[in-house]
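Every chain is numbered from 1, with letters handed out A, B, ... down the list of sequences. The model shown is predicted, which means the values in this text are computed figures rather than measured ones.
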There are 2 protein chains.
Amino acid sequence: MTRVVVADDQPVVLEGFTTILGATSDLEVVGTARDGVELVTLVAATRPDVALVDVRMPRLDGIAATARVRAAHPGTHVIVLTTFDLDEYVTRALEAGASGFLLKDVPAARLVEGVRLVAAGALLLGPRVARHLLADVDAAPRREVPGVDRLTPREREVLTVVAGGLSNAEVAAKLGIGEQTVKTHVSELLRKLARRDRAQLVVAAYEAGVVVPG
Amino acid sequence: MTRVVVADDQPVVLEGFTTILGATSDLEVVGTARDGVELVTLVAATRPDVALVDVRMPRLDGIAATARVRAAHPGTHVIVLTTFDLDEYVTRALEAGASGFLLKDVPAARLVEGVRLVAAGALLLGPRVARHLLADVDAAPRREVPGVDRLTPREREVLTVVAGGLSNAEVAAKLGIGEQTVKTHVSELLRKLARRDRAQLVVAAYEAGVVVPG
DNA sequence: AGGGTCCTCCCTCCTGCGGGGGAGGGTCCC
DNA sequence: GGGACCCTCCCCCGCAGGAGGGAGGACCCT
């Protein structure tokens, strides 16, 4: 059962969302709030899986409320509700820890699906927001690790898994190949990246940005 | 009715996804492909709403196939299928125009929900991918590593050096102590941080922010 | 049709690593 | 004085990890 709270200053919106979510067997609305302050208190009291939060609210707006909720209760994923798909809210909301956006006139089916996916930890964005975000990805800070560019796709994949701290046998199981094959890939990684053992391989992976901490 | 095609070189995957999607009333699998070239032809012929595409395929890989599909038919939204939700394919796939990622062992319900949302134009990312993309936006979210606060000063020091990829003998030389002593500290680190080997210790160090890449 | 790359898997050999013990000396504080 | 830590060092032992080979099949490009 996924537990949800809804925050909006418009009673009609509150009513609508509660009705839709309450009609779904695996979703449950455990509370509603009419402003940001109420929301923060409500989340602290009910510890919901998902919070639907309007951007525009009295006393404490949706962005600030999202930041407080995320800071105090990381287990609660926030979906920001907007009337229009305004880009300027998007970045700030994401920085505040929001997991997704929905328009207030979203079809019932999509609302339900979105809540479920966000509860599972997914990030849910509209198409325009996506492009906006991708611009930042290109600026990802990576250190030059000599040899990473000469890795084959499979080797890169193995590196990622090894960098998670898995043993050869575990890597083999995860990739569905033999342990001997993993050893071959690892040896090749050590040679190409000029490292000595898998611990140094983990270091190289973090330096190269193949994995990101956090 | 949402029309879907599936592309994967593994018949079992093809079969599984087709069965799941076919059992849903508003989804319809209108074709399958075993490699990228087949996929491009299939999309041109059927104009589906969503294409589920494996990253690893013969002849034309999933990334390249995605780029061609998106260029020729922007109305078709692509979901990339991966074994992991965080690997070197993610960024390239998004640049190629993919709308989302799903693990091959995704639960049926989430698969169906994901397909519907992507068909509607949403961007769908897993939790780890989301963090990856938000790495530059989000302000360095240091993960809580249980036990790191119970380390003695010397242990913390050893951890930092070990996280540099040094062997026990090298750590000993660097700290001016015996190798046996280093082993004792390392064993203690493994125990307190609940890790198995020094590779996992390196991971823990990066997660805890004891060392910082870049 | 052939050369090159990649992925896959097999073998032997040996070292470094980590588990599981024990033990002495140092400081600090009760 | 007697704990309670912390740092230091020692032994034995089993094993995963890595070196150094070889080999077959699939694919790609020319």
_Heavy-atom donor-acceptor pair, Glu155(B) side chain to Leu151(B) backbone, under 3.5 Å_ = no

*Answer yes or no: is there a donor N or O on one side and an acceptor on the other, between the side chain of Glu170(A) and the main chain of Leu166(A), under 3.5 Å?*
no

Using distance only, find each side-chain donor-acceptor pair of residues 43-52 of chain B under 3.5 Å and give its atom names and separation, not counting sequence neighbours.
{"unit_1": "Thr46(B)", "atom_1": "OG1", "unit_2": "Leu42(B)", "atom_2": "O", "d": "2.8"}
{"unit_1": "Arg47(B)", "atom_1": "NE", "unit_2": "His73(B)", "atom_2": "ND1", "d": "3.3"}
{"unit_1": "Asp49(B)", "atom_1": "OD2", "unit_2": "Arg3(B)", "atom_2": "N", "d": "2.7"}

*Given salt bridge (Lys or Arg N to Asp or Glu O under 4.0 Å), test Glu188(B) with Arg191(B) step by step and report yes or no.*
CA-CA 5 Å; Glu188(B) 208 50 29; Arg191(B) 195 182 61 78; 2.6 Å; yes

*asked:* Using a 6.0 Å cut-off, check whether atom CD of Glu28(B) has over 12 heavy atoms from anything other than its own residue.
replied: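 Atom CD in Glu28(B) is packed in, count exceeds 12.
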
_With a sphere of 6.0 Å drawn around CZ of Arg68(A), does it hold more than 12 non-hydrogen atoms of other residues, nucleotides or ligands?_
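Not more than 12 within 6.0 Å, no.
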
*Using a 4.5 Å cut-off on heavy atoms from C-beta on, say whether the side chain of Phe17(B) contacts that of Val4(B).*
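Val4(B) vs Phe17(B): side chains apart.
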
*How many Å lie between CD on Glu155(A) and P on dC6(C), as a whole number?*
7 Å

*Who are the salt bridge (charged side-chain N to carboxylate O under 4.0 Å, His left out) partners of Glu157(B), not counting sequence neighbours?*
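Arg154(B).
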
*Could you run through DNA chain D and flag its stems, i.e. three or more consecutive Watson-Crick or G-U pairs with both distances under 3.5 Å?*
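Output for stems: C:1-24 with D:7-30, C:26-30 with D:1-5.
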
*Partners passing side chain to side chain contact (heavy atoms under 4.5 Å, CB included) against Gln180(A) (at least two apart in sequence or in another chain)*: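 By the side chain to side chain contact (heavy atoms under 4.5 Å, CB included) rule, Gln180(A) matches Lys183(A).
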
Name the pairs: protein N/O against N/O of nucleotides 8-18 of chain C, kept only if under 3.5 Å.
{"unit_1": "dT8(C)", "atom_1": "OP1", "unit_2": "Arg154(A)", "atom_2": "NE", "d": "3.4"}
{"unit_1": "dT8(C)", "atom_1": "OP1", "unit_2": "Arg154(A)", "atom_2": "NH2", "d": "2.9"}
{"unit_1": "dT8(C)", "atom_1": "OP2", "unit_2": "Arg154(A)", "atom_2": "NE", "d": "3.1"}
{"unit_1": "dT8(C)", "atom_1": "OP2", "unit_2": "His185(A)", "atom_2": "NE2", "d": "3.0"}
{"unit_1": "dC9(C)", "atom_1": "OP2", "unit_2": "Gly178(A)", "atom_2": "N", "d": "2.5"}
{"unit_1": "dC9(C)", "atom_1": "OP2", "unit_2": "Thr181(A)", "atom_2": "OG1", "d": "2.6"}
{"unit_1": "dC9(C)", "atom_1": "O5'", "unit_2": "Thr181(A)", "atom_2": "OG1", "d": "3.3"}
{"unit_1": "dC9(C)", "atom_1": "N4", "unit_2": "Thr184(A)", "atom_2": "OG1", "d": "3.1"}
{"unit_1": "dC11(C)", "atom_1": "N4", "unit_2": "Gln180(A)", "atom_2": "OE1", "d": "3.3"}
{"unit_1": "dG18(C)", "atom_1": "OP1", "unit_2": "Arg198(B)", "atom_2": "N", "d": "2.5"}
{"unit_1": "dG18(C)", "atom_1": "OP2", "unit_2": "Arg198(B)", "atom_2": "NH1", "d": "2.8"}
{"unit_1": "dG18(C)", "atom_1": "N7", "unit_2": "Lys183(B)", "atom_2": "NZ", "d": "3.3"}
{"unit_1": "dG18(C)", "atom_1": "O6", "unit_2": "Lys183(B)", "atom_2": "NZ", "d": "3.1"}

*Quick one: how far along DNA chain D does chain A reach, first to last nucleotide 5' to 3', anything under 4.0 Å to a heavy atom?*
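Listing 5' to 3', DNA chain D meets chain A from dG17(D) to dA19(D).
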
_Check ion pair Asp197(A)-Arg198(B) (N to O, under 4.0 angstrom)_ =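 No, no charged N to carboxylate O under 4.0 Å.
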
